[in-house]
Every structure is written in structure tokens, then in C-alpha cells.
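Below is one structure; the comments refer to it alone.
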Number of protein chains: 2
Amino acid sequence: MIENHIFKALADPTRRTIFEKLATAPRMNASTLRTGMEISQPAMSQHLAVLRQAKLIREDRQGRFVYYEVDPEGFGVIAQWVTKYRTYWPERIDALKATLKDMDQ
Amino acid sequence: MIENHIFKALADPTRRTIFEKLATAPRMNASTLRTGMEISQPAMSQHLAVLRQAKLIREDRQGRFVYYEVDPEGFGVIAQWVTKYRTYWPERIDALKATLKDMDQ
DNA sequence: CAAACACATAAGCACGTGCTTATGTGTTTG
DNA sequence: CAAACACATAAGCACGTGCTTATGTGTTTG
């Protein structure tokens with residue numbers, strides 16, 4: 001059940017931060033990801049392993065560096081999950097999303 | 001941080017099943033939700049409390065029954081979260097979602 | 001109004017999770 | 001090639017989580 005891995009991976013706020021970094025910036029290696037994050041090297045390594053197993057990120061080994069980037073496969077499962085339920089009450093959700101968007105600004 | 005409550009609430013497979021029931025069927029009370037679910041009454045009550053605190057469901061007390069239904073507020077946060085990242089690689093995600101949809105059938 | 005009912009809550013327990021320190025593995029540098 | 005580097009992994013620990021049994025609270029039924 002990979003869906004369960006994905007939801008569990010995203011349940012941790014540190015991992016969501018890492019995912020957000022990789023989603024909004026070019027590929028980074030583990031050390032670069034740590035900058036400005038108050039997290040030890042082993043902790044980062046463990047979080048990256050969880051995200052990798054959930055297919056939310058994927059690695060690209062280059063010598064002694066390991067570069068990470070978002071893996072659309074895992075994210076697609078969440079996107080699909082949202083789409084599945086959105087169809088049940090599209091108007092209510094879209095109205096709410098507009099409200100949330102306004103709040104951001 | 002309500003976003004964290006929501007992701008943590010959805011990280012449990014039993015709670016996702018409950019949410020799915022409420023999303024795809026009319027409002028139900030706690031006992032009706034239990035039918036066909038091999039879950040004790042206290043366990044169900046505790047799961048419903050977590051979902052309620054995450055604003056994924058809301059309650060409507062009617063005498064000694066408590067009816068539950070999906071609360072668009074919590075779901076909207078997830079939908080918004082997905083939308084936020086989808087914008088970074090729309091073509092890749094949409095292609096993948098089409099693939100996943102095919103796999104369902 | 002006493003019993004049954006629908007649900008909530010408390011306490012205890014087994015197991016999961018995220019961190020730490022220590023150390024291992026493979027690669028590059030000087 | 002020895003040291004430095006980038007990262008992974010192991011073991012241990014504190015704390016979180018989801019269940020159980022027991023019991024509490026409010027409502028309805030006969």
C-alpha cells in the first residue's frame with residue numbers, strides 16, 4: 001500500500017519542509033538541503049529515505065554527492081486522491097479554495 | 001498549525017477509510033460508520049475526534065445520535081496544498097494522473 | 001423513572017517514530 | 001595513498017499513537 005507510505009511521509013512537518021524545498025528550487029544534495037534547517041546529518045538522511053520510499057522524491061547519485069528532486073509519481077497519488085473526492089462537492093471546494101487563496105495575500 | 005493536524009489525521013488508514021465513507025455516502029452517525037469495519041466503539045470515537053479536530057469532518061448532534069459529514073474546510077487545505085505544488089510541473093503531473101486513472105480501470 | 005442506548009473519556013499497554021551518538025561505506029582531493 | 005568528505009546505517013532512548021477495558025455523561029424508550 002504505497003498510498004499509506006505517502007500519507008505517513010507527509011505527516012511529518014520536517015519532511016513537508018524538505019519536499020517544499022525540492023518542489024520550489026532546483027535539485028539539491030542532502031548537505032545543501034540542510035542549510036538553514038537545524039537538522040543533523042543522520043536525521044536528514046533518514047527523512048530523505050522515508051520520502052524516497054514513498055516515491056515523493058528520487059535520487060541521482062553523482063560521485064559522493066546525492067542529488068534529490070521531486071518524484072511526480074508519489075505526488076501524483078496525492079493529487080489523484082484529492083481529485084477523487086473533489087468531484088463529490090466541486091462547488092463547495094472551489095469556493096473554499098478561493099477564500100484560502102485570498103487569505104494568503 | 002492546522003495543516004499538520006490534517007496531514008497527521010490522514011496518515012492513519014482507518015481514518016482515511018472513515019473519511020472516504022463520509023465523502024461518498026450521506027451523513028452517518030458513529031454506530032452506522034462502524035458497520036463492516038471491525039473497530040471498537042471507543043476506537044471509532046477516538047478516530048472521529050481526530051478527524052473533527054483536523055476540520056476534515058464536522059458533527060451534528062441530534063439527541064443521543066451524533067451525525068458526521070465531511071467538512072470542506074479541512075479538505076480544502078489539502079486541495080490547496082496540492083494545487084500549490086502542481087503549478088510547478090503541471091504537464092508532468094497531468095500526464096501521470098491520466099496514467100493512474102487508466103490503471104484504475 | 002429505570003433501563004437501554006449512543007457516545008465520550010480515562011488509564012494502561014504495545015508498538016511506532018524521530019532524534020541522538022557512533023561508526024561504516026564509498027568517493028574525491030591534495 | 002592518506003585524509004577529508006558526503007552520505008548511510010546501527011543502536012538506544014524519549015515520546016507519540018492506537019488500541020484495549022472500564023466507566024462516565026447525556027438522551028430516549030417502555
Legend entry - Nearest-nucleotide 5' precedence on DNA chain D, Val66(A) against Val50(B): Val66(A)
Legend entry - Whole angstrom value for the distance that separates P of dC7(C) from CD1 of Ile18(B): 13 Å
Inset, instruction - Name the closest nucleotide to the Gln46(B) side chain, picking from dA11(C), dT27(D), dA8(D). - result: dA11(C)
Legend entry - Pairing partner of dG30(C) (Watson-Crick or G-U wobble, both distances under 3.5 Å): dC1(D)
Legend entry - Side-chain N or O of Ser31(B) closer than 4.0 Å to phosphate OP1/OP2 of dC5(C): no
Legend entry - N/O (side chain, Ser40(B)) to phosphate O (OP1/OP2, dT20(D)) under 4.0 Å: yes
Inset, instruction - Looking at every strand, decide which applies to Ser45(B) at a 4.0 Å heavy-atom threshold: base, sugar-phosphate, or nothing. - result: base
Inset, instruction - Specify the separation, in whole Å, of atom CZ of Arg61(A) and atom P of dG26(C). - result: 11 Å
Inset, instruction - Take the protein atom CD of Gln62(B) and the nucleotide atom P of dG26(D), then report the distance between them rounded to whole Å. - result: 19 Å
Inset, instruction - Return the nucleotide paired to dG24(C): Watson-Crick means purine N1 to pyrimidine N3 with N6-O4 or O6-N4, wobble means G-U with N1-O2 and O6-N3, both under 3.5 Å. - result: dC7(D)
Legend entry - Nearest-nucleotide comparison on DNA chain C, the residue closer to the 5′ end among Gln41(A) and Asn29(B): Asn29(B)
Inset, instruction - Output the distance between atom NZ (Lys21(B)) and atom CZ (Arg34(B)), rounded to the nearest 0.5 Å. - result: 10.5 Å
Legend entry - Euclidean distance, atom CD of residue Glu38(A) to atom P of dC19(C) [Å, nearest integer]: 12 Å
Legend entry - Between C1' of dG18(D) and CD1 of Ile39(B), the distance in whole Å: 9 Å
Legend entry - Candidates dT21(C), dG26(C), dA4(C) - which lies nearest the side chain of Pro42(A): dT21(C)
Legend entry - Partner nucleotide, any strand, of dA14(D) [Watson-Crick/G-U, under 3.5 Å]: dT17(C)
Inset, instruction - Indicate if Ile39(B) and Tyr68(B) have the same hydrophobic cluster label, given that clusters are the connected sets of ILVMFWY residues with side-chain heavy-atom separations under 4.5 angstrom. - result: yes
Inset, instruction - Please report the closest heavy-atom contact between Ala9(A) and Val50(A), naming both atoms and the distance. - result: CB-CG1, 3.9 Å
Legend entry - Under 3.5 Å donor-acceptor, Arg27(B) side chain and Tyr67(B) backbone: no
Legend entry - Rounded interatomic separation in angstrom, taking CG from Leu48(A) and P from dC19(C): 12 Å
Inset, instruction - Would you mind reading off the distance between Leu10(B) atom CG and dG18(D) atom C1', rounded to a whole angstrom? - result: 16 Å
Legend entry - Any Arg15(B) side-chain N or O less than 4.0 Å from OP1/OP2 of dG18(D): yes
Legend entry - Atom pair OH (Tyr85(B)) and OG1 (Thr24(A)), whose distance is rounded to the nearest 0.5 Å: 7.0 Å
Inset, instruction - Kindly determine whether Leu33(B) and Leu48(B) satisfy side chain to side chain contact (heavy atoms under 4.5 Å, CB included), including the steps that lead there. - result: CA-CA 10 Å; Leu33(B) 275 167; Leu48(B) 288 170; 3.9 Å; yes
Legend entry - His47(B) side-chain N/O to dC19(D) phosphate OP1/OP2 under 4.0 Å: yes
Inset, instruction - Output the single nucleotide from dT28(D), dT17(C), dA4(D) whose closest atom is nearest the side chain of Arg64(B). - result: dT28(D)
Inset, instruction - Quickly work out the Phe65(A) CZ to dA8(D) P distance and round it to whole Å. - result: 13 Å
Inset, instruction - Assign each of Thr14(A) and Tyr67(B) to its nearest nucleotide of DNA chain C by heavy atoms, then name whichever residue's nucleotide is nearer the 5' end. - result: Tyr67(B)
